[in-house]
Amino acid sequence: MRKGYITVFLTLSLTLILSLVFVVIEGARISAIRMKFECVSDIGMNSVLAEYHREMLEQYDLLFVDTSYGSSHADIGNTEAHLKNYIRRNLRPDGGKTGISLGGSRDFLAMDAGTVQIGQYSIASDGQGAVLKRQVTDYMSDYPLGAVLEKLNLGVSQIQGYGLETKDVAGERQSYEARIDEIGLPTKEVEEGVYEEIPLNNPADIANATRSSGVLNLVLENPSQVSAVKVSLDNYISRRTRRQGTGLCKEAASLTGEPDELVFQAYLFEKCGHYGEELDKSLFKYQIEYILAGKDTDWQNLEQVAKKLLRWREAANVIYILTDSAKIAEAEAMALALTAVCLCPELAEPVKYTILFAWAYVESLQDVKTLLAGGKVPVYKTAADWKTGINSIKNVRGSLAQDDGGRGLTYEEYLRIMIFMENQDVRTFRAMDIMEMDIRRTAGNARFCLDGCFDTYQADMSVVSRFGYQYEMSRLYGFY
């Protein structure tokens, strides 16, 4: 009888012990599933970020994942598939194909990837380029902006203070020309009953006749050396319909700082070329000029910037020359001589001003020529800075000298002022055009699009186990 009691006791004890062991094993399985899910999720999301676009990092020091992965179709669904594949391969040694692990033994966890959905992702162009500019701000955090900003602020304040952007020089000049037409030229009888005007021979007319020739043709020694690159712009980001993400990631912005426009402008001059500082890698050789002008050829972009420079310089030079008594006296003497010949002294005053305006125009052409040659020109001149003589208006092309010296601002510093004054959104998207142009020139990136690239993303993931368990998890990862 005692042996029977012992058998029952051992049976009951073993049942309790086995139950405890199975509970412990199942608890270990649950904990292992959760832990492995977290580890695999982190590995998978980091693996997605490891597929950052190499050329964007190489050329622009920015980290983005291209959702096209070198194909013609950029879509966040491609990234979801990549993430799910990484999760599945890390959950199961065989990638989940057979359900059997190494050595033919059954997988203790029997896990597989469930659903993977990316609900939030910050595309480079979101927020009018705020996502891209946040990365730029982070990259440029140690850039010494002080000296650049000091000179930029001074230049902008001078341009705006003198009203060079708004001064209507052409209107003022034309008012004096209209005054001459109103007074009219005297006539003389060449034969009975036939009269003709006595010519004024105003040399200002010679100078003004060159205005239709194009600035570059006047100021460059060899215009044929200007880049002849032409680009079809319709398929670049500033002109096409753009894909949308979910905007700038708040967590990223809180850690790296909000996008800074002044920093972005400094970045453009670090990464983009311009006339005189062209980059071998670039499609457009005058990239800063493209950002300012937005034309489809290098020539047009440089011409538009040169025209703006000429407009600023002419406004500044007109303001100065009308305060220089010596130059006014020279113009007055020339005007009196001209009007004495045609016997019309009442024309002397308006003719004097047309000569002064023509002289300021020729001086402005000399300024643009100096800047494009690598020289310097101050925003507002003194008598010592003036380069041309009054007779230069009689032979505009012949009077322009090659000059790479002087004091004041360089061509690049004038470009910085123009970039600062450019519309923010226009500046941003044309800069992104430049990035797309250059990346597309590299192998395997012919269809590269910045609006197919993201830098932060949030994924909602789930795993399932054949033992009846299912878990969900959400993670936010990115380059910040």
Can you see which heavy atom on N217 is nearest to which on R397, and at what distance?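 Answer, listing the atom of N217 first, then R397: O-NE, 4.5 Å.
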Which pair of non-hydrogen atoms, one from S474 and one from D460, has the smallest distance, and what is that distance?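 That closest heavy-atom pairing would be OG-OD1, 2.9 Å.
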Step by step, would you call K376 with E413 a salt bridge (Lys or Arg N to Asp or Glu O under 4.0 Å)? CA-CA 9 Å; K376 297 181 179 181; E413 288 166 338; over 6 Å; no
Within a reach of under 6.0 Å around [atom1] of [X], are more than 12 heavy atoms found that belong to other residues, nucleotides or ligands?
X	atom1	value
R242	CZ	yes
N222	CG	yes
E150	CD	no

Hey, are [Y] and [X] close enough side-chain-wise for a donor-acceptor pair under 3.5 Å?
X	Y	value
D367	T370	no
S227	D298	yes
D455	Q135	yes
N317	S364	yes
D234	S232	no

State plainly whether the residues [X] and [Y] are in salt-bridge range, i.e. N to O under 4.0 Å.
X	Y	value
R416	E412	yes
D438	K281	yes
E363	R313	no
D433	R239	no
E303	K295	no

With sequence neighbours left out, which residue pairs that include part of residues 32-68 fulfil the ring pair (Phe, Tyr, Trp, His ring centres under 6.0 Å) condition? H53-F448
Which word best sums up how the rings of W359 and W386 line up, parallel for under 30°, tilted for 30 to 60°, or perpendicular for over 60°? perpendicular
May I ask you to decide if the ring planes of Y86 and H82 are parallel, tilted or perpendicular, using 30° and 60° as cut-offs? perpendicular
Drop me the distance from Y471's OH to M111's CE, to the nearest 0.5 angstrom.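 One gets 9.0 Å once the value is rounded to the nearest 0.5 Å.
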Rounded at 0.5 Å granularity, tell me how far CZ in R29 sits from CG in L109.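 So the CZ of R29 and the CG of L109 are separated by 7.0 Å.
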N208 vs E177 side-chain heavy atoms within contact, under 4.5 Å: yes
If you look only at pairs with a residue in residues 42-60, which of them pass as a salt bridge (Lys or Arg N to Asp or Glu O under 4.0 Å), with sequence neighbours excluded?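 Of all non-adjacent pairs touching residues 42-60, those that pass salt bridge (Lys or Arg N to Asp or Glu O under 4.0 Å) are D42-R475.
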Within 45° of the six-membered ring axis of Y236 and under 6.0 Å from that ring's centre, is NZ or CZ of R440 located there?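 Judged by the rule (NZ or CZ under 6.0 Å from the ring centre, within 45° of its axis), R440 counts as positioned above Y236.
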Is K381 close enough and on-axis enough to Y320, meaning under 6.0 Å and within 45°, for cation-pi?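 No; the conditions do not both hold, so K381 does not lie above the ring face of Y320.
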My understanding is that only one of Y411, W299, Y275 makes a ring pair (Phe, Tyr, Trp, His ring centres under 6.0 Å) with Y286; could you say which? Y275
